[in-house]
2 protein chains.
Amino acid sequence: MACKGYPGRMTTPTPTPPTTDWLRLDQQICFSLNAASRAFGGVYRVVLKDLGITYPQYLVMLVLWEHGELPVKKLGEHLRLDSGTLSPLLKRLEAAGLVRRERSARDERSVEVGLTDEGDAMRERALAVPRRISAATGFDVDEIRELRSRLDELTSALDAATLERASEE
Amino acid sequence: MACKGYPGRMTTPTPTPPTTDWLRLDQQICFSLNAASRAFGGVYRVVLKDLGITYPQYLVMLVLWEHGELPVKKLGEHLRLDSGTLSPLLKRLEAAGLVRRERSARDERSVEVGLTDEGDAMRERALAVPRRISAATGFDVDEIRELRSRLDELTSALDAATLERASEE
DNA sequence: CACAATTCAATTGCGTACAACTAAATGGCC
DNA sequence: GGCCATTTAGTTGTACGCAATTGAATTGTG
């Protein structure tokens with residue numbers, strides 16, 4: 001590295017930001033959101049170690065436990081994920097023996113994803129997960145519900161805004 | 001693929017889940033959180049295209065605009081990120097001409113990250129970003145603040161829980 | 001001063017995310 | 001039936017995020 005020795009500073013650090021500085025990190029809702037999301041990731045990593053799957057893989061299993069066999073497309077709609085993310089993820093779940101993938105007979109473009117016996121059996125063990133996670137948040141059920149609905153509102157608004165901007169071009 | 005032809009279903013889709021099914025996707029706060037975080041990502045991707053940086057890179061710039069020159073370690077503390085994430089990210093910002101990295105003279109282990117003139121100048125253009133993002137959320141300032149503090153509580157609780165579990169082993 | 005423990009950035013390896021593209025299959029439409 | 005737009009997974013390339021490791025520099029202790 002070394003970057004040829006340089007004395008002291010490189011640039012004037014913003015002299016005196018106004019009291020309402022819209023660029024302050026702690027003002028950014030997105031940062032709090034991102035941080036909370038990653039903090040959850042940390043807890044799930046610990047809790048899911050028993051099951052040997054990652055958090056996104058756990059989400060896929062949730063959908064399959066709830067809905068049974070499903071084409072990749074539908075899976076992606078439930079999870080907000082596209083095939084670029086799901087294809088390799090599903091291959092890993094398949095390699096782990098938890099799901100099975102097969103071309104649909106009626107529509108050869110579609111791939112149906114279903115649980116193996118082992119994947120189905122994991123549901124029992126997974127029942128302990130939500131309680132452990134819930135305990136880690138320190139929030140009660142009503143607080144969680146409230147926060148959840150707020151976040152879902154936010155997501156809807158953001159999705160709508162993204163589509164608007166995309167269509168402006 | 002082909003998976004040797006298989007007729008109909010693969011596994012019994014859970015027969016009749018109890019009314020309070022803790023494994024339902026829409027019950028998971030983490031999913032709402034994750035979805036909101038990625039929805040933000042989408043909006044930022046559009047808004048930040050003008051500046052030619054990604055959202056995590058924008059967060060780094062926020063910290064540098066606010067605090068001026070900083071060692072990688074401190075940057076990571078502000079952002080909850082480690083060198084595994086920051087090192088390559090900072091190299092990209094350096095390649096883009098926005099930041100400069102140099103070994104500290106006092107402590108050769110440490111690398112000081114500072115803004116270039118170009119990086120400092122970008123601050124002006126970035127002032128438009130928070131307003132555009134805020135508009136996209138459809139939330140007013142108080143709602144945002146409320147949500148932010150809730151999320152920060154959540155993050156603290158989750159971090160504490162992660163540390164507890166880690167120390168249990 | 002010597003030497004072990006610690007600190008710090010970088011690297012490696014793995015697993016998401018997502019845009020852009022490819023290729024196969026399907027469904028109108030003439 | 002032949003043809004074209006659309007749908008669907010998969011692949012490629014780029015960029016996080018994080019655990020684990022490496023290697024250099026520093027600090028604490030005798």
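Owing to the predicted nature of the structure, the values given are computational and were not obtained by experimental measurement. Below, chains carry the letters A, B, ... as their sequence lines are ordered, and counting in each starts from 1.
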Classify [X] by what it touches in the nucleic acid, base, sugar-phosphate, or nothing, heavy-atom distance under 4.0 Å.
X	answer
B/Thr85	base
A/Pro71	sugar-phosphate
B/Leu86	nothing

What integer distance in Å separates [X]:[atom1] from [N]:[atom2]?
X	N	atom1	atom2	answer
B/Leu33	C/dA17	CG	P	13 Å
B/Leu89	C/dT11	CG	P	14 Å
A/Asp159	C/dC18	CG	P	10 Å
B/Glu94	C/dA10	CD	C1'	13 Å
A/Asp82	C/dC18	CG	C1'	6 Å
A/Phe31	D/dG17	CZ	P	10 Å
B/Leu90	D/dA15	CG	C1'	13 Å
B/Leu48	D/dT14	CG	C1'	16 Å

Quick one: on DNA chain D, does A/Lys73 or A/Asn34 contact a more 5' nucleotide (nearest heavy atom)?
A/Lys73

Report the residue (A/Val72 or B/Tyr55) whose heavy-atom-nearest nucleotide on DNA chain D is the more 5′ of the two.
A/Val72

5'-most by nearest nucleotide on DNA chain C - B/Gly84 or B/Ala39:
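Upstream on the strand: B/Gly84.
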
Is a donor-acceptor pair below 3.5 Å formed from side chain A/Thr54 to base C/dG15, judging by atom type as modelled?
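Answer is no: no donor-acceptor pair is held.
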
Between the base of C/dA10 and the side chain of B/Ser83, is there a donor-acceptor distance below 3.5 Å?
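Side chain to base: pair present.
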
Side-chain ([X]) to main-chain ([Y]) donor-acceptor, under 3.5 angstrom:
X	Y	result
B/Ser149	B/Glu146	yes
B/Glu66	B/Val63	no
A/Arg38	B/Arg80	yes

Whether [X] contacts [N] is assessed here as follows: a side-chain N or O lying under 4.0 Å from the phosphate OP1 or OP2. Is that the case?
X	N	answer
B/Ser110	D/dA25	no
A/Arg103	D/dA9	no
B/Arg101	C/dA10	yes
B/Arg92	D/dC16	yes
A/Lys74	D/dT7	no
A/Lys91	C/dT16	no

Is the shortest side-chain heavy-atom distance between B/Phe40 and A/Asn34 below 4.5 Å?
no

Ion pair present between A/Arg132 and A/Asp50, side-chain N to carboxylate O less than 4.0 angstrom?
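The answer is yes: the pair qualifies as a salt bridge.
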
Before accepting this row, confirm whether a basic side-chain N of the pair B/Arg150/B/Glu153 lies closer than 4.0 Å to the acidic partner's carboxylate O.
yes

Could you run through nucleotides 21-28 of chain C and give me one letter per nucleotide, 5' to 3': B if any protein heavy atom sits under 4.0 Å from the base, S if only the sugar-phosphate is that close, - if neither?
----BS--

Candidate pair A/Thr54 and A/Leu89, rule side-chain contact (heavy atoms from CB on, under 4.5 Å), full reasoning
CA-CA 10 Å; A/Thr54 67; A/Leu89 188 157; 5.6 Å; no

Using the six-membered ring wherever Trp is involved, compare the ring planes of A/Trp65 and A/Tyr58 and label them parallel, tilted or perpendicular (cut-offs 30° and 60°).
perpendicular

